[in-house]
Structures are given as structure tokens and as C-alpha cells.
Number of protein chains: 2
Amino acid sequence: MGTLERMEDEVDRLIEAWRRERPDLDVAPMEVLSRVSRLARHLDRARSQAFGTHGLESWEFDVLAALRRAGTPYQLSPGKLLKETLVTSGTMTNRVDRLAARGLVERLPDPHDRRGVLVQLTPAGRDKVDAAMADLLTHERALLGGLSDGDQQKIARALRELVRPFDLEKH
Amino acid sequence: MGTLERMEDEVDRLIEAWRRERPDLDVAPMEVLSRVSRLARHLDRARSQAFGTHGLESWEFDVLAALRRAGTPYQLSPGKLLKETLVTSGTMTNRVDRLAARGLVERLPDPHDRRGVLVQLTPAGRDKVDAAMADLLTHERALLGGLSDGDQQKIARALRELVRPFDLEKH
DNA sequence: ATGATTTATCTTGACGTCGAGATACTCTAG
DNA sequence: CTAGAGTATCTCGACGTCAAGATAAATCAT
């Protein structure tokens, strides 16, 4: 039983503690799922930091990015936007208000539905989101540096398996 | 070019849109990292639901679980708790207040440091967190059902690689 | 046509979190 | 022994989110 330093992470500590305290439980699922949760948390922080250099908040990027990838003319209804970003309608009203105040989007009346509104990216908004996206990908590539392309593909496939049930359930 | 239904997820849609709009960017990192973020989001929802049947909020579980796995006498300082749960001190004060009001923890003066406080799990708190943890693991096992043990181990190892840099940087 | 239902968006109040700062105590260098 | 630095916790105000409900317009059945 040497003390050779193994490459452990916080989740290993976590799991070890649970095994000690609750030897009756099978805590194997944490090996994958706790790491997913913690990694996501760290990614959020890293993203916030990357966007900060562009004067953007994460939530701002989320909305601008949805509009950007919709393609020209970069318009989506609030309803579509909240499906893309997984937030509630009240939140989206708020977000669009503040993005419009900053001049990154504008609200237009929907010509085909007088209840409706179209949110459109301004040129300034497009520039911001394009720069932020390029920067984000650079940072993310660095994070993945340790993994071979093949490993990345394997993980991506496995994660797709895990996400799909959730994607399906919301029709 | 048949229309054979491929097994795609929302992230495939996302990536496809970005490739169309920004063919100049290498969006490969999203295959892994966007899936991690989205899966974490879904997991949060699933956890909230599982805890709801025990009358617990997710944030309550996080605190109780940290105390539980610390082992008897189930005591930690607010400082240790906020390192375990990755929240700020103001948040932890708030959480402990509310957990104490519900009778799931109590605040004790630290006998060795008069600035300090120890937060201790009550028997009721321990029962709650034990039941919730067992339930959570059952749900998580179901989520992972589609993956072989070997695949799970491979993913866990890869995720550990990705998380470690973050774990290290905070000393 | 007309009323009922559905859909799209906005409004409001409560909640949990954060970050900065306040307070009280401990530790360390001299 | 003491001044200053460090540490532990709590306070407070601002913020973003959510959930429920309000409003208005479109759609459907009769």
C-alpha cells in the first residue's frame, strides 16, 4: 500500500466519503453524473470570464447566440428564444428589455401576428456575439487539449445517449 | 441522401446551425462541452424533482449532504460548508438560517474559536438526507441504464481529466 | 358570426444568490 | 504585550430567475 500519488479529483473524495458513510449504497452513478454537474459549474465560470472580456454577461450571450445561429435576418420571436435558451417567459422579457437598452437587439412587431414580436440582432449585437463565440471556442479547445480526438468523439457519443431522453421528453 | 432517421440530439442541431453560419470556426469543442452543460441542466431539474418527493429543495440537500458525508458527529463550520458547496458566505448564512428554522440543522458555538460556529445535522436532518440520497441514486442509476459499466468508467476517467485542472487551480 | 379555447407576450411579487463591507476574534512579529 | 494582518461569520442591497396571473389577439367549433 504505497502512497504513490494517484490522480484524483474532488469527486473521488466525495465518493470515497459516501462509501465510508453509506457502504450500503451503490454510489457508482456519481462517478459520471457528479462530474458532469461539477464540470458544468466550472464551465459556467470559465464562460463568464471569457465573455467578460467582451463586456457580455453569460445570459446576454445565450440570447445573442440563439439569434446569431438562426441566420439572417437574425430574428426570432420571444417564444422561440425561450425554447432555445430554456428560460421562462418572464425572464426572456427581462433579457430582451436589457439587451434592447444596450442596443444589441431591437423589438419589431411581427407582421403576421399582432400579438407577436420579433427580436432582431443589431449590427453591434452581431459583432459582439461573433467575437465572443470565437473567443469561447478558443478557450474550450484549450480545456479539451488533454483529450485525443478519438476520446472526444467517444465521450460526445456517450453524452448524446444520456441527453437524448431529456430532449425527447419535451416533445 | 436518404431520410433515415439518425439519432440526433439538440446539440447536433446547435452545432449544425453554427457550422452553417460560421463555417470559419472549429466548433468541435461543443460536441463535448455543450452536452456537458445541457446534461447538467437536465440533471438539476431531475434532482429537484426527486428531492421534491422528500420535501427538500436542491440547495437544502447540498448542505445536508455535505454534513452527512462528513461523518459523525455531522458537524462542519460554515466556512467548510461553503467550500464543499461552492457558494458564497452570504448564501451559506442564509441557507443555514432556513435549515435551522426547519429543524434540519442547528448552530453550535465552536468551542475552540469564539468567532466560529459549527453547523450540526439534527436526527431529522439526517433521516431526510439519507432517504433523499438513496432515492437520488436510484434515479441516477436509471438515467445511466443505457451505458455499460465499461463505458461509464471510460467517461468517468475522461471527465476526471477535464475537471482536474479546475480542482487544482483553487488550491 | 360568436363564444370558447389556445397562443404569445408581458407584469408582478417572492425567492435565492452574489459581492462588498461590517464586526468580532485570533494569530504573529517584534 | 501590542499593533497589524489574517480569518470566520454575518449583514445588506442589487440582481436575475421563476411561477402565476393578466392582457390581447388568433383560432376553432358551432
Side-chain angles (χ1 to χ4, degrees), chain A residues 37 40-42 44-45 47-49 51-52 55-64 66-67 75-102 104-120 170-171, chain B residues 37 40-42 44-45 47-49 51-52 55-64 66-67 75-102 104-120 170-171:
Chain A
S37 293
R41 223 156 166 161
H42 292 308
D44 275 350
R45 285 182 171 274
R47 291 203 325 159
S48 297
Q49 225 177 332
F51 296 149
L56 277 181
E57 304 290 328
S58 284
W59 61 262
E60 293 179 307
F61 177 84
D62 285 344
V63 177
L64 299 180
L67 291 169
Q75 291 179 340
L76 287 175
S77 67
K80 293 255 187 201
L81 275 174
L82 61 90
K83 267 171 213 149
E84 289 287 326
T85 55
L86 307 179
V87 298
T88 60
S89 65
T91 298
M92 188 52 67
T93 299
N94 228 328
R95 288 182 174 191
V96 173
D97 283 350
R98 281 171 287 161
L99 286 168
R102 291 194 52 190
L104 302 176
V105 305
E106 47 189 349
R107 269 199 185 83
L108 308 173
D110 181 337
H112 301 304
D113 185 339
R114 277 189 298 173
R115 294 168 304 180
V117 165
L118 290 175
V119 181
Q120 181 174 42
K170 44 185 53 176
H171 137 235
Chain B
S37 293
R41 225 157 164 159
H42 292 308
D44 274 350
R45 286 181 171 274
R47 290 203 326 158
S48 297
Q49 225 176 332
F51 295 150
L56 277 180
E57 304 291 328
S58 284
W59 61 263
E60 293 180 307
F61 177 84
D62 285 343
V63 177
L64 299 181
L67 292 169
Q75 290 177 340
L76 287 174
S77 67
K80 293 255 187 201
L81 276 174
L82 61 89
K83 268 170 213 148
E84 290 286 326
T85 55
L86 306 179
V87 299
T88 61
S89 64
T91 299
M92 189 52 68
T93 299
N94 228 328
R95 288 183 174 190
V96 173
D97 283 350
R98 281 170 287 161
L99 286 167
R102 290 195 52 190
L104 301 176
V105 305
E106 46 189 348
R107 269 200 186 83
L108 307 172
D110 182 338
H112 301 306
D113 185 340
R114 277 189 297 173
R115 293 168 304 181
V117 166
L118 290 175
V119 180
Q120 182 175 41
K170 43 186 53 177
H171 139 232

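Convention: sequence-line order gives letters A, B, ...; per-chain numbering from 1.
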Asks: Which residues in residues 108-116 of chain A have at least one heavy atom lying under 4.0 Å from any atom of DNA chain D?
Replies: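 Heavy-atom cutoff 4.0 Å gives A:D113, A:R114, A:R115.
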Asks: In whole angstrom, what separates B:E57's CD from D:dA19's C1'?
Replies: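 B:E57 atom CD is separated from D:dA19 atom C1' by 13 Å.
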Asks: Rounded to whole Å, please give me the gap between CG in B:D44 and C1' in C:dG16.
Replies: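 Whole-Å distance recorded here is 14 Å.
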Asks: C:dT9, D:dC18, C:dG16: which one has an atom nearest the side-chain heavy atoms of A:V117?
Replies: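 Out of C:dT9, D:dC18, C:dG16, the nucleotide with an atom closest to A:V117's side chain is C:dT9.
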Asks: Rounded off to whole Å, could you give me the CD-to-P distance for the B:E60 and C:dT17 pair?
Replies: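 Taking atom P of C:dT17 as the reference, CD of B:E60 is at 10 Å.
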Asks: I want to check something: taking the side chain as every heavy atom from C-beta on, are B:W59 and B:R98 in contact at a cut-off of under 4.5 Å?
Replies: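 Heavy-atom side-chain distance check passes, below 4.5 Å.
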Asks: Is it true that A:D44 and B:R41 make a salt bridge, defined as a side-chain N closer than 4.0 Å to a carboxylate O?
Replies: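 Salt bridge absent between A:D44 and B:R41.
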Asks: Using a cut-off of strictly less than 4.0 Å, decide whether A:R107 has a side-chain nitrogen or oxygen near OP1 or OP2 of C:dC10.
Replies: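 Yes, A:R107 has a side-chain N/O under 4.0 Å of OP1/OP2 on C:dC10.
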Asks: Whole angstroms only, please: what is the CZ-C1' distance between A:R45 and C:dT17?
Replies: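 Going from A:R45 (CZ) to C:dT17 (C1'), I get 12 Å.
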Asks: Between B:W59 (CH2) and D:dC18 (P), how many Å, whole number?
Replies: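 To the nearest whole Å, that distance equals 18 Å.
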Asks: Counting just side-chain N and O atoms, does A:R98 come under 4.0 Å of either OP1 or OP2 of D:dG16?
Replies: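 For D:dG16, OP1 or OP2 has a side-chain N or O of A:R98 closer than 4.0 Å.
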Asks: Whole-Å distance between D:dA8 C1' and B:K80 NZ?
Replies: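 Distance, rounded to whole Å: 13 Å.
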Asks: Specify the residue among A:R41 and A:G90 whose closest nucleotide of DNA chain C lies further upstream toward the 5′ end.
Replies: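 Upstream on the strand: A:G90.
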Asks: Can you name the closest pair of heavy atoms from A:L67 and A:Q75 and give their distance?
Replies: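 Closest heavy-atom pair between A:L67 and A:Q75: CD2-C, 4.1 Å.
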Asks: Between the base of D:dC18 and the side chain of A:T91, is there a donor-acceptor distance below 3.5 Å?
Replies: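 Looking at the base of D:dC18, it does not pair with any donor or acceptor on the side chain of A:T91 (distance under 3.5 Å).
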Asks: How long is the line joining CG of A:N94 and C1' of D:dC18, in whole Å?
Replies: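 That distance rounds to 11 Å.
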Asks: Starting at atom CG of A:D62, determine the distance to atom P of D:dT17, rounded to an integer number of angstrom.
Replies: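 It works out to 9 Å between those atoms.
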Asks: Just so I know, are the side chains of B:D62 and B:V87 near enough to count as touching, which here means a heavy-atom distance under 4.5 Å?
Replies: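 When only atoms from C-beta onward are counted, B:V87 and B:D62 do not touch, as no gap falls below 4.5 Å.
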Asks: Between CG of A:L82 and OG1 of A:T93, what distance do you get to the nearest 0.5 Å?
Replies: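 So the gap between those two atoms works out to 8.5 Å.
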Asks: Excluding sequence neighbours, so at least two apart, what forms side-chain contact (heavy atoms from CB on, under 4.5 Å) with A:K80?
Replies: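 A:K80 satisfies side-chain contact (heavy atoms from CB on, under 4.5 Å) with A:L76, A:S77 once adjacent residues are dropped.
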Asks: Run the salt-bridge test on B:D110 and B:R115 with the 4.0 Å N-O cut-off and return the result as yes or no.
Replies: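 No salt bridge links B:D110 with B:R115.
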Asks: Assign each of B:R95 and B:S89 to its nearest nucleotide of DNA chain C by heavy atoms, then name whichever residue's nucleotide is nearer the 5' end.
Replies: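 Per heavy-atom nearest nucleotide, the more 5' residue is B:R95.
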Asks: Which nucleotide sits closest to the side chain of B:S77: C:dC18, D:dG16, D:dT9?
Replies: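 It is D:dT9.
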